[in-house]
Amino acid sequence: MLNRQGRPTEAGDASLSWHDTFTGNRGLQLEEALIFETGRIDVTGVDLDEPEAFAPRLGALMREEEIGLPGLSEPEAMRHYVRLSQKNYAIDSGLYPLGSCTMKHNPRLNEAMARLPGFADIHPLQPPSTVQGALALIEELSGWLMALTNMDAVAMSPKAGAHGEYCGMAAIKAAIAAKGEAATRRFVLVPESAHGTNPATAAAIGFEVKSVPAGADGKVHPDAVRALMGPDVAAIMLTNPNTCGLFETEIVEIAQILHEGGGYFYCDGANFNAIVGKVRPGDLGIDAMHINLHKTFSTPHGGGGPGSGPVVLSSRLSPFAPVPFVRRNGETLQMVEDAAGTQALGRLTAFHGQMGMFVRALSYILSHGGDGLKQASEDAVLNANYVRACLADLMSLPFGNRPCMHEVLFDDTWLKDTGITTLDFAKAMIDEGYHPMTMYFPLVVHGAMLIEPTESESRASLDLFIMTLRDLAFSALRGEKERFSGAPYLAPRRRLDETKAARSPVLRWTPLQPVAE
Ligand SMILES: *Cc1c(COP(=O)(O)O)cnc(C)c1O
């Protein structure tokens, strides 16, 4: 059976028969087709006069057919985009426990600051004399990032965490080349638990990846690093706190091993939000680290906005920092754009980086102050540990019931013999109105469930989340398999064939043949 949108309905499943509405809508959850499916090319939302005759200069490139853009009236266009926006689950709608992603509240003060015309309406090609305030903001934010990390320099232009990794590893590559070791130092050590971007970055820069095994306690041990260290190793890429939510306690010794062997220490700083104000990465022997402004300093990310991944560099790497950067010349600020005659690794992006994100991050930093940033880290860690402590009697912890940092990692040992998987459990959370936690990552843990509540959540909101997970867990342990195996039952789309979507994605929309009238 097809509904009005021509989509198959789920008839046959009695419990779902109410899905088969005439409109395809469910209550006030509205279906929305693609704009090409709803818009009509003979309709336009604006009235334009016929242009006067003119001689086009496109020659043979002139379009001969209709452009075929869908036309909608203004209210139709408005509804289309509002309905699409309502299909996003967002941190502004509810708790978003996605581990490793740090979905924290973005204070609206940040947005107000970013929309000030002096920041929002400037152009990167304006003469520096007309944007001194914006340059001063970049300089001030840079100062904070260097102070919080105790590092020598910061490259502001990278536009995401992964882009920052690229920048830091490019600086390491440049430093190695400057020492004449480019041909020999070919390997980068990456722990098994690392985020996928780490080995991808190392490979994209032209290094080969050697995997460092994690210890039984989920941490990287100096002996494992020492065993792999040699004159052919360029660097290690280590995340701290790591993706198991644990602080790498041996990090100082690991840094020493790298430095004594002539290598560099890249730290993936995506989890900096757990330690801001508590530990300065520069004090641990780190040479380069990206900071995800969109995680640690609250600016929007993912589908919600652009990222920003400034990279702090130690004195060993600062000469290789990319252009552009801001330099103070007496009273005036300059944007240094030219790498000629220096060791700078060149330019990573057009212009200067994500200005709007800089404004939001500085707004967050200044409104918290040094003590407030420290408190935010402590609260993020406290919230994760509260979740851990309230679920540890039901759900299994791969590294024992010990304190974690900003995120808590469960595995699927506790689901053994229930016939319910991590995926089933996550899908049942959707029926309860919760975005699932990060699943099956990190790979070092079987059936991983990684929960990061962040400091944004109140005690009441955490309690409801915990009670919901406890209810689901009891249900799983009682063997109520149906609640899980068919979930989500209540979402606009049921369980998708994710393997098929990944293996044979349909990446191109082709119009349905018009029905003859
Ligand atoms: C988020 C994250 C990244 C990548 O950051 P993007 O801004 O998404 O590119 C890298 N490593 C870790 C550990 C992360 O959590």
Side-chain angles (χ1 to χ4, degrees), residues 91 96-104 106 145 155-170 188-205 209 212 214 218-220 235-248 251 265-276 281 286 288-312 348-349 353-354 356-358 360-361 377 380 384 404-409 437-445 448-454:
I91 186 66
Y96 208 141
L98 212 47
S100 200
C101 295
T102 314
M103 306 302 292
K104 64 156 86 171
N106 175 43
L145 298 180
M156 296 299 286
S157 63
K159 296 195 173 178
H163 198 201
E165 290 174 36
Y166 191 92
C167 170
M169 293 307 289
V188 169
L189 310 182
V190 181
E192 281 174 339
S193 62
H195 194 266
T197 50
N198 293 185
T201 300
I205 293 272
V209 174
V212 187
K219 296 184 212 160
V220 174
I236 192 169
M237 294 183 85
L238 188 76
T239 310
N240 202 17
N242 69 23
T243 53
C244 300
L246 304 170
F247 191 82
E248 293 284 3
I251 188 165
F265 190 154
Y266 186 91
C267 181
D268 179 329
N271 296 336
F272 191 42
N273 63 304
I275 55 173
V276 176
I286 287 159
M289 183 181 96
H290 72 264
I291 300 169
N292 301 56
L293 295 187
H294 48 290
K295 293 179 180 171
T296 300
F297 298 115
S298 85
T299 64
H301 66 139
S308 181
V311 177
V312 286
L348 291 163
T349 142
Q354 305 281 36
M357 301 299 263
F358 298 161
R360 290 175 176 92
S377 306
C404 57
M405 296 297 290
H406 60 302
E407 53 197 356
V408 53
L409 177 60
M437 67 288 264
T438 292
M439 299 180 289
Y440 300 110
F441 175 81
L443 303 174
V444 286
V445 162
M449 303 181 204
L450 185 63
I451 299 178
E452 179 176 7
T454 82

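Here the structure is a predicted model, which means the values were calculated and not measured. Numbering of ligands and ligand atoms starts at 1, following listing order.
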Please verify the inter-ring angle class for H294 with H301; under 30° counts as parallel, over 60° as perpendicular, anything in between as tilted. tilted
Quick check on S100 - does any of its heavy atoms sit under 4.0 Å from an atom of ligand 1? yes
Would one find an N or O of H163, backbone or side chain, under 3.5 Å from an N or O of ligand 1? no
As an exercise, identify every atom of ligand 1 less than 4.0 angstrom from a heavy atom of T197. 10 (C), 11 (N)
For A160, the atoms of ligand 1 under 4.0 Å from one of its heavy atoms are 7 (O), 9 (O)
T438 (side chain) donor-acceptor with G99 (main chain) under 3.5 angstrom: yes
Dump the intermediate steps for side chain to side chain donor-acceptor pair (under 3.5 Å) on E452 and S100, then the final yes or no. CA-CA 7 Å; E452 179 176 7; S100 200; over 6 Å; no
Quick one: does F358's side chain get under 4.5 Å of S308's, heavy atoms only? yes
For Y266 and T201, what are the C-alpha separation, side-chain angles and deciding distance, and is it a side chain to side chain contact (heavy atoms under 4.5 Å, CB included)? CA-CA 11 Å; Y266 186 91; T201 300; over 6 Å; no
Please check: side-chain N/O of T239 versus main-chain N/O of A194, any donor-acceptor pairing under 3.5 Å? no
At what distance is the nearest protein heavy atom to atom 9 (O) of ligand 1, and which residue and atom is it? A162 N, 2.8 Å
N/O to N/O below 3.5 Å, does that happen between A270 and ligand 1? no
Please report the shortest heavy-atom distance between M169 and A235, naming the atom on each side. CE-CB, 4.2 Å
Kindly confirm or rule out an N or O of N292 lying under 3.5 angstrom from an N or O of ligand 1. yes
Report yes or no: does T296 contribute a side-chain atom to a donor-acceptor pair with the main-chain N or O of N273 at less than 3.5 Å? yes
So is K295 polar-close to ligand 1, meaning N/O to N/O under 3.5 Å? yes
Would you indicate which of M237, H195, K159 comes nearest to atom 4 (C) of ligand 1 when only heavy atoms are counted? H195
Considering only protein heavy atoms, which is closest to atom 6 (P) of ligand 1, and at what distance to one decimal place? G161 N, 3.4 Å
What protein heavy atom sits nearest atom 13 (C) of ligand 1, and how far off is it? D268 OD2, 3.5 Å
heavy-atom search around atom 8 (O) of ligand 1 in the protein gives H294 NE2, 4.4 Å
